Structure formats: C-alpha cells, structure tokens
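Beneath this line is the structure, given in structure tokens, with notes to follow.
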Amino acid sequence: MANTKKRIVYVITRSEEGGAQTHVFSLIKSYYQEFEITLITGEKGFLEQASRKLGVEVVILPALQRGWSIWGDIRAYFQLRELFKSIGPDLIHFHSTKAGIVGRLAAKNKYKTVFTAHGWVFAEGAPQFRRQIGKILERFTASKTDK
C-alpha cells in the first residue's frame, strides 16, 4: 500500500543548539509519527542529529548559510527548488530570515508555505542598509507565503 502520510519540510540555516532549532525540533518531535518529515539545514549539529535519531530524513545543504552570499544564495535557491520538486511537500515551513527569503522564492507559490521569524533582519540595532534591504525582501517574499 502506498504511503498516504502528508509531507512536511522544515527549512532552517543553522543546526546548532539554540532557540530556533529547539523550536523546530519540538515541531518535528510532535509530528514525525503523523507526517513524513524532511529537515533541510545548512549544517550538521544538534538539530540534524536529534532529527536523525527519530528517523527523520535530513538533507544538509551547505549553500544554505545564515550569512548573505550572492553566489551561495543563488546556489541554495536552485538546490531548494530541485529538492522541493523531488520531495513534493504538502507544506514547507521556513524558519529564520535567510531560509525564509531564499526558500520562499524557491517554492515559487507552488507549495503551501509557512514562515516563522526568529528575529527580524530589519529590527532596531541592525545596520541601516541591511534593515532597508531586509524590509524590501520581506515585503516581496511575504506575498509568496500562505501563513
């Protein structure tokens, strides 16, 4: 009999032990028995290891890094597009600014998407240039997000 579980993909840049990663792992732990879960992250670490222990599929995508890199981000965009096409998710849940921006662009309104911010790139204290670019990118990608 074919697997009828719905597929959820979680996308986050970092796998280190921290607030966003603990939040994502809490979601994975809550849903991995009910849904087919895939975690896409830019590195090995706490989240990757804990998810693998549950039997969750993990994809390490080194181009998906927290810092901005025009060529790395373009590479991550195309790699995510291919992964989404091959996985065929019912829902993609993006965590953090970088994963949210690059990932929502890669999803291209073809999949149901959710974005959870774990800090805004345009928050007070960030450099003015980065805040302005962050606002523009978030406005644009927000239109490509279901929730």
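None of the values given here were measured: they were computed from a predicted structure.
- Residues meeting the side chain to side chain donor-acceptor pair (under 3.5 Å) test with E17, sequence neighbours left out: none.
- Between the side chain of K5 and the backbone N or O of Q33, at least one donor-acceptor pair lies under 3.5 Å.
- The side-chain hydrogen bond (donor to acceptor under 3.5 Å, both in side chains) pairs that include a residue from residues 39-66 are R14-E43, T38-E57, E48-R52, where partners are two or more places apart or lie in different chains.
- Remark: R104 pairs with E138 by the salt bridge (Lys or Arg N to Asp or Glu O under 4.0 Å) rule, at least two apart or across chains.
- Between V114 and L91 the shortest heavy-atom distance is CG2-CD1, 3.7 Å.
- Hydrophobic cluster membership is shared by V59 and Y77, with clusters built from Ile, Leu, Val, Met, Phe, Trp and Tyr side chains linked at under 4.5 angstrom.
- Rounding to the nearest 0.5 Å gives a distance of 6.5 Å between CD of Q21 and CG of L47.
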- Message: Before you tell me yes or no, could you show the steps for D73 and W68 under side-chain contact (heavy atoms from CB on, under 4.5 Å), namely the whole-Å CA-CA distance, both residues' side-chain angles and the distance that decides it to 0.1 Å?
- Response: CA-CA 7 Å; D73 297 343; W68 296 97; 3.2 Å; yes

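- Residues meeting the ring pair (Phe, Tyr, Trp, His ring centres under 6.0 Å) test with Y31, sequence neighbours left out: F35.
- H95 and H118 share a side-chain donor-acceptor pair at under 3.5 Å.
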- Derivation of the side-chain contact (heavy atoms from CB on, under 4.5 Å) call for I40 and V9: CA-CA 7 Å; I40 301 173; V9 173; 3.7 Å; yes

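- Cluster membership check: L27 shares its hydrophobic cluster with F46, using side-chain heavy-atom separations under 4.5 Å among Ile, Leu, Val, Met, Phe, Trp and Tyr.
- Partners of Y10 under the ring pair (Phe, Tyr, Trp, His ring centres under 6.0 Å) rule, at least two apart in sequence or in another chain, are H93.
- The side chain to side chain donor-acceptor pair (under 3.5 Å) test applied to Q79 returns no partner, not counting sequence neighbours.
- Atom CZ of F94 is separated from atom CG of L80 by 7.0 Å, given to the nearest 0.5 angstrom.
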- Yes or no on side-chain contact (heavy atoms from CB on, under 4.5 Å) for L39 and F25, after CA distance, side-chain angles and deciding distance? CA-CA 10 Å; L39 169 68; F25 184 63; over 6 Å; no

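- Grouping the Ile, Leu, Val, Met, Phe, Trp and Tyr side chains by contacts below 4.5 angstrom, directly or via other members, places V24 with V56.
- Closest approach of I60 and P62 over heavy atoms only: O-CD, 3.4 Å.
- In plain terms, the two heavy atoms of F84 and A106 that are nearest each other are CE1-CB, 4.0 Å.
- Both I87 and L105 are assigned to one and the same hydrophobic cluster, defined by single-linkage of ILVMFWY side chains at heavy-atom distances under 4.5 Å.
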- Query: Stepwise, does the side-chain contact (heavy atoms from CB on, under 4.5 Å) test hold for K29 with L54?
  - Reply: CA-CA 8 Å; K29 212 166 48 171; L54 294 177; 4.2 Å; yes

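- Rounding to the nearest 0.5 Å gives a distance of 10.0 Å between NE2 of H23 and CD1 of I28.
- Pairing each heavy atom of A20 with each of I12, the nearest pair is CB-CD1, 3.9 Å.
- Proximity of a side-chain donor or acceptor of D146 to a complementary backbone N or O of T113 within less than 3.5 Å is detected.
- Closest non-hydrogen pair, L64 versus A99, comes out as CD1-CA, 4.4 Å.
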